[in-house]
J.: 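Please read through the structure below; I'll follow up with questions.
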Amino acid sequence: MPGAPSALHSARKAAGDMLDQQGLTLVACSGGADSLALAAAAAWHHQRTSGPSATARVGGIVVDHHLHPDSVEISGRAVSQLKDLGLDPVRIYPATVRSDSPLGPEAAARTGRYQAFREAMQDLGATRIMLAHTKDDQVEQVLLGLARGSGTRSLAGIPAARGPFRRPLLDLSRADTESICRHHGLDWWDDPANADPRYLRSKIRTQVLPYLERELSGSIRESLARTAKIAAADADYLESQAKDVFPALLEDPDHTGALRLKLKALRAEPPAIRRRVIALAVAAAGGPNPSFERLSATEKLVTGSRSAGPVELEGHIRVHRGARQSPDYGKLVIVPPSG
Ligand SMILES: Nc1ncnc2c1ncn2[C@@H]1O[C@H](COP(=O)(O)OP(=O)(O)OP(=O)(O)O)[C@@H](O)[C@H]1O
């Protein structure tokens with residue numbers, strides 16, 4: 001673990017690289033050590049570049065989910081520390097979390113939080129939101145992906161940049177962020193849910209990773225973080241290859257709204273591309289990302305000669321192989337819900 005000065009230097013550099021130099025970037029702060037440390041690192045750039053001619057601005061957003069009895073006080077303390085660091089503007093946004101949400105409280109809070117982020121961006125004219133996920137979050141995410149039996153994209157973990165979101169601290173540890181907070185005299189809040197073993201992520205953090213470190217290798221975190229980086233580059237490449245071949249495999253659309261892929265050409269593609277092309281076609285038909293099991297069933301329509309389907313996918317999408325006497329012979333037909 002680097003000491004505070006070295007961690008601080010890395011955090012400042014990473015935050016500086018990800019700030020929008022021409023607009024307002026908001027640091028999303030929960031009041032925890034990770035996001036207060038990120039705020040301190042970003043504030044350093046804000047102070048250096050502020051003045052009448054400055055174009056890069058750094059503000060803060062704290063979302064209050066009202067899930068914790070002390071949430072008003074916790075949010076207030078975060079806001080005043082962000083202001084003391086020099087962030088401007090700083091706002092609290094409430095997020096409604098439905099207690100009866102079928103997603104469960106954690107996922108419902110997440111949905112509410114990202115909704116609040118988007119509202120804040122619009123209200124304040126911000127172009128970017130910085131989140132303080134660390135290497136520890138990344139490692140936990142990779143283990144969660146492994147436990148679920150996920151593919152390359154999922155093993156790639158949390159992306160450093162997607163849409164307006166930026167995550168500059170993915171190479172720093174949680175301990176680094178605590179040392180940055182100590183260096184700045186920041187008073188962070190430890191969410192008790194982070195240590196609650198009822199949540200799978202907390203269990204990975206408090207039990208599984210320490211066990212793996214003890215029994216397997218002291219550098220397991222570094223190894224898993226490296227896995228994420230390798231998988232991210234591989235997933236980017238495979239997805240771009242699939243996007244490149246997709247148009248050539250697609251038949252011209254007709255009035256029915258169904259999509260048709262050329263079976264022979266699809267069959268000739270390697271499985272890693274074939275599966276991604278099918279997923280692209282499903283997305284183009286308005287469906288969600290198919291599960292591994294549904295995607296495998298669909299792939300069998302391409303590689304096998306027995307059942308011609310239909311295979312029912314999530315989002316009421318149906319896929320079948322064109323019948324011998326029909327105009328769809330030689331095509332994989334993806335039918336959207338209303339088709
Ligand atoms: N209440 C909050 N207000 C503002 N930002 C928050 C809040 N909670 C989390 N964040 C931001 O999101 C980052 C990740 O937080 P956390 O790890 O708790 O979320 P998660 O649910 O595990 O991850 P994800 O946001 O990807 O679902 C934090 O470092 C912080 O930048």
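Counting starts at 1 for both ligands and their atoms, in listed order. Side chains are part of it too, since the values below use all heavy atoms of this structure and drop only hydrogens, waters and symmetry mates.
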J.: Of all the non-hydrogen atoms in the protein, which one sits nearest to atom 3 (N) of ligand 1, and at what distance?
T.: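 Nearest protein contact, heavy atoms only, for atom 3 (N) of ligand 1 is V63 N, 2.9 Å.
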J.: Can R182 and E178 be counted as an ion pair, charged N to O under 4.0 angstrom?
T.: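 A salt bridge links R182 with E178.
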J.: Can you name the atoms of ligand 1, numbered from 1 with element, that are less than 4.0 Å from a heavy atom of F117?
T.: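 Those qualifying, in numeric order: 4 (C), 5 (N).
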J.: Suppose we measure from atom 28 (C) of ligand 1 to each protein heavy atom; which comes out shortest, and what is that distance?
T.: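 Checking every protein heavy atom, the shortest distance to atom 28 (C) of ligand 1 gives A132 N, 4.0 Å.
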J.: For atom 22 (O) of ligand 1, what's the nearest protein heavy-atom neighbour? Residue, atom name and distance, please.
T.: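 The answer is R201 NE, 4.0 Å.
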J.: Can you list the residues that meet the side chain to side chain donor-acceptor pair (under 3.5 Å) rule with R274, with sequence neighbours excluded?
T.: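 Result, side chain to side chain donor-acceptor pair (under 3.5 Å) vs R274: E299.
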J.: Within ligand 1, which atoms have a heavy atom of I61 less than 4.0 Å away?
T.: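 Every atom of ligand 1 under 4.0 Å from some heavy atom of I61: 4 (C).
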J.: Could R260 and D328 be called an ion pair, given the rule that one side-chain N must be under 4.0 Å from one carboxylate O?
T.: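 Salt bridge present between R260 and D328.
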J.: Taking atom 13 (C) of ligand 1 as the point of reference, which of H133, Q141, R110 owns the nearest heavy atom?
T.: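 Among H133, Q141, R110, the closest heavy atom to atom 13 (C) of ligand 1 belongs to H133.
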J.: Does a donor on one side chain sit under 3.5 Å from an acceptor on the other, for D176 and S179?
T.: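 No.
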J.: Distance under 4.0 Å to a non-hydrogen atom of H65: what atoms of ligand 1 satisfy this?
T.: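 Per the distance check, 1 (N).
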J.: Is at least one protein non-hydrogen atom found at under 4.0 angstrom from atom 18 (O) of ligand 1?
T.: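 So atom 18 (O) of ligand 1 lacks protein heavy-atom neighbours under 4.0 Å.
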J.: Compute whether any side-chain donor of one residue and acceptor of the other, for D234 and T152, lie under 3.5 angstrom apart.
T.: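 Distance-only check fails for D234 and T152.
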J.: Using a strict cut-off of less than 4.0 Å between a Lys/Arg side-chain nitrogen and an Asp/Glu carboxylate oxygen, indicate whether E239 and K243 qualify as a salt bridge.
T.: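 Between K243 and E239 there is no salt bridge, as every charged N stays at least 4.0 Å from the carboxylate O atoms.
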J.: Specify the protein heavy atom at minimum distance from atom 12 (O) of ligand 1: its residue, its atom name, and the distance to 0.1 Å.
T.: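 Answer for atom 12 (O) of ligand 1: L131 CD2, 3.7 Å.
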J.: Counting only nitrogen or oxygen atoms and a 3.5 angstrom limit, does R113 reach ligand 1?
T.: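 It does: an N or O of R113 is found under 3.5 Å from an N or O of ligand 1.
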J.: Taking heavy atoms and a distance under 4.0 Å, where does C29 meet ligand 1: side chain, backbone, both or neither?
T.: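 C29 to ligand 1: backbone contact only, side chain stays beyond 4.0 Å.
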J.: So, are K229 and D171 salt-bridged, with charged N and O less than 4.0 Å apart?
T.: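 A salt bridge is present here (some side-chain N lies under 4.0 Å from a carboxylate O).
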J.: Identify every side-chain donor-acceptor pair in residues 29-37 under 3.5 Å, counting partners at least two apart or on other chains, and give the distances.
T.:
unit_1 : atom_1 : unit_2 : atom_2 : d
S30    : OG     : G32    : N      : 3.2
S30    : OG     : S35    : OG     : 3.2
D34    : OD1    : T177   : OG1    : 2.8
S35    : OG     : S30    : N      : 3.0

J.: Out of all atoms in ligand 1, which are within 4.0 Å of some heavy atom of Y114? Include the element for each.
T.: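 Every atom of ligand 1 under 4.0 Å from some heavy atom of Y114: 24 (P), 25 (O), 26 (O).
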